[in-house]
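We count ligands from 1, going down the list as the structure has it; atoms in each ligand are counted the same way.
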Amino acid sequence: MNKQPIGIFDSGVGGTSIWKEIHKLLPKENSIYLADSINAPYGPKGEKAIIQLCIKNTELLLEKGCKLIVVACNTATTNAIDYLRTTYKVPFIGIEPAIKPAALNTKTNAVGILATQGTLTSALFSKTSGKFANNINVIEQVGEGIVDLIESGKLYSEEMTTLLKTYLEPMIKANIDYLVLGCSHYPYLIPQLTKLLPNDVKIIDSGEAVARQTKTILDKHNSLNNENNYPKIEFFTNGNPEVIEKLLGNSFRADYLNF
Ligand code: DGL
């Protein structure tokens, strides 16, 4: 069990930001990453379609013998994790926008959240937001187009700068002091967001929390891999492998897989 890989999937390449955190905290674990780039973005798709895509990804990771599955996609988590947990025996770790720490720590009483339409309209997000941010001015913004640009290798482009400026403007006007990144593609935008936001705005994403939770759950199941000095790490994509390799700093290979 302990040698079996951790499975990680996302609608595309963005969940590699989560994989990085997991690999940093659990460097001895074998892992398999699936980028369902051909179906990205999940954000505008309805809940039913998102669940079907999650079933496909989950079953492939289970065929490959994964001991735990990280749904490294806020849109997939907020729409499908309940279904996955009740359908499969393997433990699932999900990712949700970190609205709670932002709401608890804001001094200006205004926080921004950038996420996909699928996340912002999900029942799980409105539950969390209602619970923790009821008295806070939450400026929600759908990051339309951002995932498509990252998936097509245009992380640093004029189109991206224009989109980000447009999306941040109402948040800056509302005097936010926290920006919550509610999509696993967005941590790759942090260098650009930092330049565009006032200095005192803090950016939070959920990557580290997901890695910590992965460790906790593996530990609880007695499934941590502590012995392995040469972990097997595999990236599969049904899109262009070069996009993932570039995001990973060209230090890992990705393979095309038709799934
Ligand atoms: N990485 C996905 C997320 O965290 C991107 C969503 C999408 O495919 O629209 O939500």
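- In summary, Glu242 and Lys246 do not engage in a salt bridge, as defined by a charged side-chain N under 4.0 Å from a carboxylate O.
- Salt-bridge check for Lys67 with Glu29: passed, with a basic side-chain N closer than 4.0 Å to an acidic carboxylate O.
- Taking the charged nitrogens against the carboxylate oxygens, Glu169 and Lys173 do have a contact shorter than 4.0 Å, which makes a salt bridge.
- Set against the non-hydrogen atoms of Thr75, the atoms of ligand 1 under 4.0 Å away are 3 (C), 6 (C), 10 (O).
- By the 3.5 Å distance cut-off applied to N or O atoms, Tyr42 is counted among the residues near ligand 1.
- Under the 4.0 angstrom criterion for non-hydrogen atoms, Ser184 is in contact with ligand 1.
- Looking only at side-chain heavy atoms (C-beta outward), His185 and Ile146 stay at 4.5 Å or farther from each other.
- Contact annotation: the side chain of Pro191 approaches that of Tyr156 to within less than 4.5 Å [non-hydrogen atoms, C-beta and beyond].
- Checking only distances, Ser11 does come within under 3.5 Å of ligand 1, N or O to N or O.
- With hydrophobic clusters built from ILVMFWY side chains whose heavy atoms lie under 4.5 angstrom apart, Phe252 shares a cluster with Ile22.
- Annotation: Gly43 places an N or O atom under 3.5 Å from an N or O atom of ligand 1; distance criterion only.
- In this structure, the protein non-hydrogen atom closest to atom 2 (C) of ligand 1 is Cys73 SG, 3.2 Å.
- Counting heavy atoms under 4.0 Å from ligand 1, residue Asn74 touches it through both backbone and side chain.
- Residue Asp10 touches ligand 1 through its side chain alone, judged by heavy-atom distances below 4.0 Å.
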